Amino acid sequence: LQVDGIANNLDFRKLGDSPMMDYGAPTLGLDGKIIGGNGRVAGITRAYASGKANDYKTNLAANAGRFGFTPDDVAGMKSPVLVRRFKNNIDTTKAAIASNEGGGLVMSTLEQAKADGIRLPDLKHMQVNEDGNINTAANRDFIRAFIAQLPVNQQAAFAGSDGQLSQQGVARLRNAVLYKAYGDTPQLQRMIESTDQGSKNIANALTQAAPRVSTAKNDIEQGDIHSADISQDMVDAVTILEKIRADGGSLREYLAQLNMFGDDLSIESRKLIQFFNDNIKSATKIREFINAYYDALEAQGSP
């Protein structure tokens, strides 16, 4: 796909000067082997073979003087390709790795989740098993639809030809789903990565319920159901509960302090903290509760 994209949209501006190895003319070592730009070489070669490289060759001739040769040199070649060549012997392995690392700033996990959330297919079609696993055969179509929305040069890193997600792909899809349903959720991410089974149970339940929550939030935005979403209340509840458990504190004492001194936690969050704590051994009960809540909300009809 990447090679086809280059061949069908051959742009000399992207294949000429560049201070970066992952852009511009392909880079060769002293021995002539390609260090950076195998895909670019393949794309240009394919463009010549399919008769789509005329503009590339014309621009190469027009810019010949910049690179130390003449338009006649270009005209005398059947399929000329502009390349860069290292002047000195280098560690070609390290250079090849560097050429594929990119020069742009890498997004944070949350920034990437926001971007991927836009790419997600309709969560109604997502299948999550009882363990909170999204990398299943039943979810294959949803996975393929998500991967298809990613930049072509990233797709190979996240899924194999069998449609199964890589570990990196699972994390990226799960983060996008959680963001879509619950918003900024670094706490949920930490819960999923936790070795504590209770934390995993809550995180799995929230992942399993994500399609239902996301659908309800969309319906609320459209004005189709009453505005009584509790997704933020759930996030607040699990955040507090995780902190109490991590500090070895007492939930009863914490709630007693809330009653005595007050807090900015909603009534819903307080009830949810107690509920999550009471059912922390059962992801199924937590998931069923969340789904039942949104089913009941939907049953209230349109505002």
Side-chain angles (χ1 to χ4, degrees), residues 1-6 22-23 36 38-40 42-43 96-197 199-215 217-218 231 235 238 283 287:
L1 290 174
Q2 185 179 16
V3 171
D4 281 341
I6 295 172
D22 50 347
Y23 297 99
N38 283 288
R40 281 165 275 168
I97 292 172
S99 76
N100 284 291
E101 288 185 330
L105 292 174
V106 178
M107 290 184 182
S108 69
T109 300
L110 182 57
E111 289 170 335
Q112 189 65 69
K114 290 180 180 179
D116 288 340
I118 298 173
R119 299 182 172 114
L120 279 176
D122 192 333
L123 290 186
K124 290 180 180 178
H125 305 302
M126 188 180 81
Q127 303 290 325
V128 186
N129 70 11
E130 291 295 321
D131 296 324
N133 187 10
I134 55 179
N135 197 19
T136 62
N139 207 31
R140 194 68 45 81
D141 290 343
F142 183 85
I143 291 172
R144 287 192 175 122
F146 171 67
I147 293 296
Q149 296 301 313
L150 298 177
V152 172
N153 62 345
Q154 295 183 18
Q155 292 180 12
F158 298 121
S161 58
D162 61 354
Q164 284 286 102
L165 284 169
S166 65
Q167 186 173 357
Q168 187 179 7
V170 170
R172 188 151 162 184
L173 175 55
R174 186 188 61 225
N175 290 342
V177 168
L178 290 173
Y179 179 81
K180 187 83 170 180
Y182 305 104
D184 296 357
T185 55
Q187 183 60 44
L188 297 188
Q189 174 67 31
R190 288 193 291 271
M191 289 177 67
I192 287 172
E193 295 173 349
S194 172
T195 57
D196 178 76
Q197 189 57 51
S199 296
K200 283 182 174 294
N201 286 339
I202 296 176
N204 286 343
L206 294 174
T207 302
Q208 292 164 2
R212 189 71 187 88
V213 175
S214 178
T215 299
K217 291 176 73 171
N218 184 65
S231 59
V235 172
V238 298
R287 181 198 69 226

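Side-chain atoms are counted along with the backbone in the values below, which use heavy atoms only and exclude waters and symmetry mates. Source: prediction; values computed, not measured.
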Of all heavy-atom pairs linking Ala176 and Gly117, the shortest is CB-N, 4.0 Å

Scanning both residues in full, the closest heavy-atom pair of Ala210 with Val177 reads CB-CG1, 3.5 Å

Distance col, row Asn135:CG vs Ser166:OG, nearest 0.5 angstrom, shows 8.5 Å

Run Lys180 and Leu123 through side chain to side chain contact (heavy atoms under 4.5 Å, CB included) and show every step you take.
CA-CA 9 Å; Lys180 187 83 170 180; Leu123 290 186; 3.9 Å; yes

Looking only at side-chain N and O atoms, does Asn201 offer a donor or acceptor that is under 3.5 Å from a partner on Gln197? yes

So NZ of Lys217 and CZ of Arg212: to nearest 0.5 Å the spacing works out to 13.5 Å

Hits for side chain to side chain donor-acceptor pair (under 3.5 Å) against Ser231, two or more places apart or cross-chain, chain-then-number order -> Asp229

*Is the number of heavy atoms from other residues, nucleotides or ligands within 6.0 Å of CD (Gln167) greater than 12?*
no

- Query: Less than 4.5 Å apart, any side-chain heavy atom of Asp116 and any of Leu173?
  - Reply: no

For Pro211 and Met126, the nearest pair of non-hydrogen atoms, with its separation, is CG-CE, 3.5 Å

- Test item: Arg174 and Ile134 side chains (from C-beta on) under 4.5 Å apart, heavy atoms: yes

Residue set satisfying side-chain contact (heavy atoms from CB on, under 4.5 Å) with Gln155, at least two apart, ordered chain then number -> Leu1, Ile147, Leu150, Val152

task: State whether the side chain of Lys114 and the backbone N or O of Tyr179 hold a donor-acceptor pair below 3.5 Å, judged by distance alone.
output: no

All heavy atoms of Asn139 vs all of Gln127, minimum pair found to be OD1-N, 2.8 Å

Hits for side-chain contact (heavy atoms from CB on, under 4.5 Å) against Asn218, two or more places apart or cross-chain, chain-then-number order -> Glu221, Gln222

Worksheet entry | Side-chain donor/acceptor of Asn175 to backbone N/O of Ala113, under 3.5 Å | no

Nearest heavy-atom contact between Ala283 and Ala205 is O-CB, 3.4 Å

Closest non-hydrogen contact found for Phe158 with Arg172 is CZ-NH1, 2.9 Å

